[in-house]
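Structure first, then comments.
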Number of protein chains: 2
Amino acid sequence: MMPTPERTVDVPQDFEALKAVILERKAQLPKRLKQVAAYSLDNPDEIAFGTAASIATSADVQPSTLVRFAQHFGFEGFSSLQQIFRARLRERTPGYEERLKALSQNEHSKLESGSIFNGFVAAAHRSLDNVATSVDPEAFERAVDILAKADTIYLIAKRRSYPISSYMAYAFGKLKVKYQHVGTAAGIDDDMLAMATKQDAAFAVSFSPYASESASQARSLASRRVPVVSLTDSAFSPLAESSKVWFELVEADHAGFRSLSASMAFAMALTVAIAEKRQRLADGGGPIE
Amino acid sequence: MMPTPERTVDVPQDFEALKAVILERKAQLPKRLKQVAAYSLDNPDEIAFGTAASIATSADVQPSTLVRFAQHFGFEGFSSLQQIFRARLRERTPGYEERLKALSQNEHSKLESGSIFNGFVAAAHRSLDNVATSVDPEAFERAVDILAKADTIYLIAKRRSYPISSYMAYAFGKLKVKYQHVGTAAGIDDDMLAMATKQDAAFAVSFSPYASESASQARSLASRRVPVVSLTDSAFSPLAESSKVWFELVEADHAGFRSLSASMAFAMALTVAIAEKRQRLADGGGPIE
DNA sequence: GTCGGGGTAGAATGGACGTTCCATTTTCCC
DNA sequence: GGGAAAATGGAACGTCCATTCTACCCCGAC
């Protein structure tokens, strides 16, 4: 009989390790065990809370298969494997709602401004969460493509959107990407835009209530076949119709003041992605490929 | 005998509701049940995962007390109360690390720009998390106080910080707070600042590498007893020494590009808090109180 | 002082749980 | 195609669980 104690050393001790091991050995697992492997990674919460019997039914295997599965990975039985799944829920970093709730319970009661501060942080978190799922990566790729190929990038933004374009202007400067910042000094904007050609491109940002200037400038550029990429907050935005690619980005708000965090993160990502693509186009733009 | 069905209507169905009910009735609970109430709110995870026996030991009561506790709140038995605690963990919004990990597993492999995008969103989240804990609410309160009492607020920011002050300028305009935006057109800045008096105040933003102008402007204002509030990224910032209140805010970065999300959220909160305090000062500034 | 009733502890109970075992089926190698 | 080894299904088992029940205790009312 083989002594058991030494086996315990390489048993996964946390969920990530377990997941890695399962994934690694999944292919070589027998049919039923593979079934359990798939189920366990797809429904970790069920494993954490369910009973062997209920999980077995749900995964369409026998309870004994669960035990064998656990033992295959070095656990003593199903129960000890289940501990890993429970620990995962215990230790999971709490959602920011909870973190901020905890925060506001501590600080907010002390000082009124604290709640304002927490409110904006929370709104920013929500916005970022939203943008992470709502931006279509393919559209993003197309936008990067258009702007990376442009000779000069025209940045169009007024009022609330202006901080975004001014960041991009700063970053483009650092990254040596040719740009024109439209919206700075009134009057010369249209003259500036009149010089744009098909070889250029524009990036326009406008949120409701839409600045009519931005819309008409975008329209004018589009009519002269200058490609326009835009960032706005609604499909009905006047910018959308003039744009080759456009992104809908709804910022969360606190007390009616909309966050800019998601737009900012988007702008940074776009800026860096453009610069990076330019780099590659410049390097690979020669004879090869 | 009283029919049971109607009792089920006011049984708490989620953790928040349960918590509220427990808190509400806690004071009037018998000794042992109060003990359980305290334990359950302090160790919700234990309730979720433990067995009645283990929880009873840990809370230093009898298992039967747990059952009575559950029944006191309208549950059929301890197990159904436990479901509430389990659901709480199940439905807890996952940490954004997990969300983004999941996201990047889907999208990133498809498109390279996706990873840039996700990276910036993640950096922004991290920044926000950091700022939520690092900003001292009392310092924030003092900053609000100084700036709310100022006649004119001078906004000082260059380069990377400029988008932040330009947002504040926009918002102050909307909120009818008198301000001067320093850093727009070169040359007239110092003339503008020369007009500042003790009745005014300044808000300066500068991150490393610090713009020497911003530092010297802040120093000049401070020497003339114009109160300065500043936002910077290090205790060694030249701004700190000139400031009555200053905030250290370290932004997370992705690929070397620092986020602006936390600074932006901070700026928004400060702006709105100032405006709100001004409102109150104006209203309550009269005879009463 | 004792009576009554809510509160509690702890043993009793019945059911469900994880696990084990073995007969059967499947897989793969000779 | 036969046979051994691995994999599987399903029943059996002993344990531990949540719950119930009953006796006891405490504490205020009369």
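Keep in mind it's a predicted model, so treat the numbers as computed, not measured. Proteins get letters first, then strands, A, B, ... in listed order; numbering begins at 1 in each.
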Find the distance [X]:[atom1] to [N]:[atom2] and express it as a whole number of Å.
X	N	atom1	atom2	value
A/Gln28	D/dA7	CD	P	12 Å
A/His72	D/dA6	NE2	P	10 Å
B/Phe69	C/dT8	CZ	P	12 Å
B/Lys34	C/dG7	NZ	P	12 Å
B/Leu66	C/dG10	CG	P	14 Å
B/Ile55	D/dC17	CD1	P	11 Å
A/Gln62	D/dA12	CD	P	14 Å
A/Leu29	D/dA6	CG	C1'	13 Å

| query | Taking only residues two or more places apart in sequence or in another chain, which ones pass ring-ring contact (aromatic ring centres under 6.0 Å, His included) with A/Tyr39? | reply | none
| said: Tell me every residue that passes ring-ring contact (aromatic ring centres under 6.0 Å, His included) with B/Phe247, counting only those two or more places apart in sequence or in another chain. | reply: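 So B/Phe247 forms a ring-ring contact (aromatic ring centres under 6.0 Å, His included) with B/Phe266.
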| remark: Per-nucleotide protein contact along nucleotides 18-24 of chain C, 5' to 3', at a 4.0 Å heavy-atom cut-off (B base, S sugar-phosphate only, - neither), is SBB----
| query | When you look at B/Ser134 and B/Glu248, which way does the side chain to side chain donor-acceptor pair (under 3.5 Å) test go after all the steps? | reply | CA-CA 8 Å; B/Ser134 68; B/Glu248 184 179 345; over 6 Å; no
| task | Kindly say whether B/Ala262 contributes a backbone atom to a donor-acceptor pair with the side chain of B/Glu251 at under 3.5 angstrom? | result |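 Answer holds: yes.
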| said: Which is more 5' along DNA chain C, the nucleotide nearest B/Thr65 or the one nearest A/Lys31? Just name the residue. | reply: B/Thr65
| field | Heavy atoms of other groups near A/Glu76 CD, more than 12 under 6.0 Å | value |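 No, not enclosed.
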